[in-house]
Number of protein chains: 2
Amino acid sequence: MKKKVKLIDVADAVGVSAITVSRVLRKPELVSEAVRLRVTEAVARLGYVPDPAARALASARTDVLGILIPSVTNNVFSNVLRGIYDRVEGLPFNIQLGNTRYSLLEEERLLGVFSRQRPAGLIITGLDQSHRSKTLLAQADCPIVQIMEIGGDPIDMMVGFSHRDAGRGATRHLQERGYRRIGFLGARMDPRTQRRLEGYEQAMKEAGSFDERLIVTTHRASTVTLGCELLGELLSRTHEIDAVFCNNDDLAIGVLFECQRRRISVPDDFGICGFNDLEMTAVANPPLTSVRTNREEMGRRAIEMLITRITGEPIDDPVVDLGFEIVARQSTAGPIAREGRASA
Amino acid sequence: MKKKVKLIDVADAVGVSAITVSRVLRKPELVSEAVRLRVTEAVARLGYVPDPAARALASARTDVLGILIPSVTNNVFSNVLRGIYDRVEGLPFNIQLGNTRYSLLEEERLLGVFSRQRPAGLIITGLDQSHRSKTLLAQADCPIVQIMEIGGDPIDMMVGFSHRDAGRGATRHLQERGYRRIGFLGARMDPRTQRRLEGYEQAMKEAGSFDERLIVTTHRASTVTLGCELLGELLSRTHEIDAVFCNNDDLAIGVLFECQRRRISVPDDFGICGFNDLEMTAVANPPLTSVRTNREEMGRRAIEMLITRITGEPIDDPVVDLGFEIVARQSTAGPIAREGRASA
DNA sequence: ACTCATAATGACAGCGCTATCATTTGTCAA
DNA sequence: TTGACAAATGATAGCGCTGTCATTATGAGT
């Protein structure tokens with residue numbers, strides 16, 4: 001391994017002081033063009049790359065943007081991540097990803113690790129941080145964006161949408177299409193799923209058709225297979241069901257598969273509404289209605305908000321509501337008019 | 001923001017020197033038990049957390065394990081990631097994730113960023129690094145694991161399986177089940193997909209049924225919708241097709257959906273074999289045959305190999321073949337005996 | 001001509017920690 | 001008792017960079 005090229009090596013090569021080279025790299029506007037060009041050339045020629053640790057130690061600041069998400073395998077978060085990586089491309093920042101695995105304790109631990117690094121900015125998922133986490137965030141001394149949801153007091157900034165409204169909107173859509181006995185299937189009951197359930201409950205109560213037996217939830221992570229199982233569970237409780245609002249599209253696809261298997265006709269006998277609008281829903285048979293949320297945009301916006309704050313520009317609104325859209329497809333086209341649903 | 005607690009603060013509180021506190025944290029076996037206990041207590045009481053930048057600068061070593069993967073949205077890699085995060089939990093290391101987006105240039109750039117941090121270990125995807133990347137890796141002075149594939153000379157260590165063998169295995173499975181005119185659908189033609197195609201070609205040539213028109217590939221990222229489209233493309237070329245080997249399960253699900261739509265009977269008229277064995281394949285209608293690969297295990301093993309090397313223990317074999325398994329399900333149960341396939 | 005502001009560069013210290021070597025203390029064989 | 005050696009602890013000197021202030025050169029205003 002050849003010896004590392006340091007700032008001073010570049011400086012010596014050009015015949016300036018180390019600090020001038022540093023300035024060419026950090027604040028080029030402070031250096032005359034002539035010197036700047038010679039330094040840039042020498043940096044390239046010698047293959048100099050700054051040492052991030054030394055830089056962090058000396059400047060009490062890093063180029064790290066810390067991201068805390070609860071899962072790397074969940075589609076929803078990887079979509080957000082893609083937006084984040086997209087937007088950060090070409091900018092002088094580095095993404096550091098923390099996987100909290102839906103654990104508040106792990107979130108605290110990672111926040112500790114991150115904040116010791118004096119990040120340039122932080123992105124954290126959701127509104128429900130622990131008290132200790134909030135303390136850590138308050139001390140972090142960098143811009144912070146909470147993503148996925150909006151509501152309550154932002155720690156600093158927020159970008160997301162109201163899961164409660166989305167849950168209510170999806171349920172109302174089913175009601176408008178003529179479904180009455182609408183079930184709720186929820187897995188991985190994290191705070192956002194919880195609020196979608198609240199929206200569902202509200203819509204059902206408003207329609208006077210709320211019934212606890214229609215709600216099936218589990219803390220297990222959601223999968224397509226689980227969608228099949230949960231539908232089975234729901235149907236075993238009561239057959240007087242004519243639609244289901246699934247908390248995400250994996251469950252919805254599972255429900256669809258299970259309906260195919262049980263020869264339950266979708267949407268005539270049974271309506272299905274998913275959540276997240278994964279691309280697959282559009283080509284299923286029948287295509288599935290789902291709630292579209294712009295997750296990549298959420299990632300991009302979060303980065304933009306951080307950058308804006310880091311560069312010291314003013315922010316118009318610290319809370320950005322990205323909204324949602326009910327994408328109505330055939331799976332909720334409406335029931336065939338008849339008394340209740342024929343048993344499978 | 002309250003003032004940061006430093007090593008020296010802890011040392012003063014206990015009445016020892018800073019270096020002793022450092023040793024309690026780094027190499028506790030060098031410190032007497034009495035002192036160690038008092039220091040540990042003070043660390044907890046004062047809430048001291050070491051500064052990673054200072055540590056990195058002084059020791060020329062970090063606790064960072066750098067991971068380079070081509071995509072964060074692709075299931076395959078997020079499964080590997082999960083294994084990695086699982087295995088690293090509780091260990092004194094931090095994962096730093098780099099997203100190369102299938103770009104060798106971005107891989108080089110990230111490798112530069114990573115190696116400047118003097119990581120404790122590196123995990124990199126695949127065998128096909130650029131020359132510059134290989135140079136950087138050779139200079140990295142830390143253990144390195146190449147994941148996803150095996151073959152060729154390992155830079156240091158490897159864990160994965162032969163994609164060529166897997167592609168051949170899947171094709172042979174279709175042949176054994178009586179399918180003859182077997183198409184190949186491939187998206188995102190990365191090196192691994194390429195080698196699966198080679199395996200397919202080999203099997204088809206061995207059976208004397210190779211035909212270029214049976215191969216449909218694209219560089220677009222694979223999606224379920226794309227699976228529908230590619231099947232359409234394939235069928236528009238020739239109707240004499242009785243099965244298809246899809247390069248991953250997204251495509252396979254899309255093909256299945258498209259078959260449902262075109263009323264092509266699976267598996268009687270048409271066999272479908274996917275790749276990766278996503279959980280969803282097992283509950284589709286009919287359940288899809290797929291090639292199972294243990295991706296989480298791959299992540300875990302990669303971490304274990306790094307740890308073993310970091311702690312200086314000997315490694316039994318630097319190349320670990322995790323193999324694959326053809327999970328035969330109904331979608332390849334075999335064609336109904338008749339002349340060719342009836343046109344849709 | 002002389003101040004004063006501005007631009008361009010440099011000297012120096014120090015960020016918080018650990019590697020290295022030095023020193024102190026305790027232990028034991030001769 | 002004494003020297004030799006190991007165990008425990010400390011003093012010192014950086015790691016590679018940037019913040020801060022100082023210095024020099026340049027030009028404008030009176």
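Order of the sequence lines sets the chain letters (A, B, ...), proteins ahead of strands, with each chain counted from 1. Just so we're clear, the structure is a prediction, and the values are computed from it rather than from any experiment.
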Looking only at the side chains, is there a donor atom on one of [X] and [Y] sitting less than 3.5 Å from an acceptor on the other?
X       : Y       : result
S103(B) : R101(B) : no
R295(A) : T293(A) : yes
S130(B) : E108(B) : yes
S17(A)  : T20(A)  : yes
R82(B)  : T73(A)  : yes

Calculate the interatomic distance between [X] atom [atom1] and [N] atom [atom2]; express it in whole Å.
X       : N       : atom1 : atom2 : value
D12(B)  : dG16(C) : CG    : P     : 14 Å
R26(B)  : dG16(C) : CZ    : C1'   : 13 Å
D63(B)  : dT18(C) : CG    : P     : 11 Å
I8(A)   : dC12(C) : CD1   : P     : 13 Å
R116(B) : dC17(D) : CZ    : C1'   : 12 Å

| From CG (L25(A)) to OG1 (T40(A)), nearest 0.5 Å | 8.0 Å
| Does R188(B) make a cation-pi contact with Y102(B), if we ask for NZ or CZ under 6.0 Å from the ring centre and within 45° of the axis? | yes
| Among I310(B), L91(B), N94(B), the one residue meeting side chain to side chain contact (heavy atoms under 4.5 Å, CB included) with D63(B) | N94(B)
Polar atom pairs between nucleotides 13-16 of chain D and protein, under 3.5 Å, N or O only, would you list them?
| from | atom 1 | to | atom 2 | distance (Å) |
| --- | --- | --- | --- | --- |
| dC15(D) | O2 | L57(B) | O | 3.4 |
| dC15(D) | O2 | A58(B) | N | 3.3 |
| dG16(D) | OP2 | K6(A) | NZ | 3.0 |
| dG16(D) | N2 | A54(A) | O | 3.3 |

| remark: Nucleotide by nucleotide, nucleotides 5-10 of chain C touches protein heavy atoms under 4.0 Å in the pattern (B base, S sugar-phosphate only, - none) ---SBB
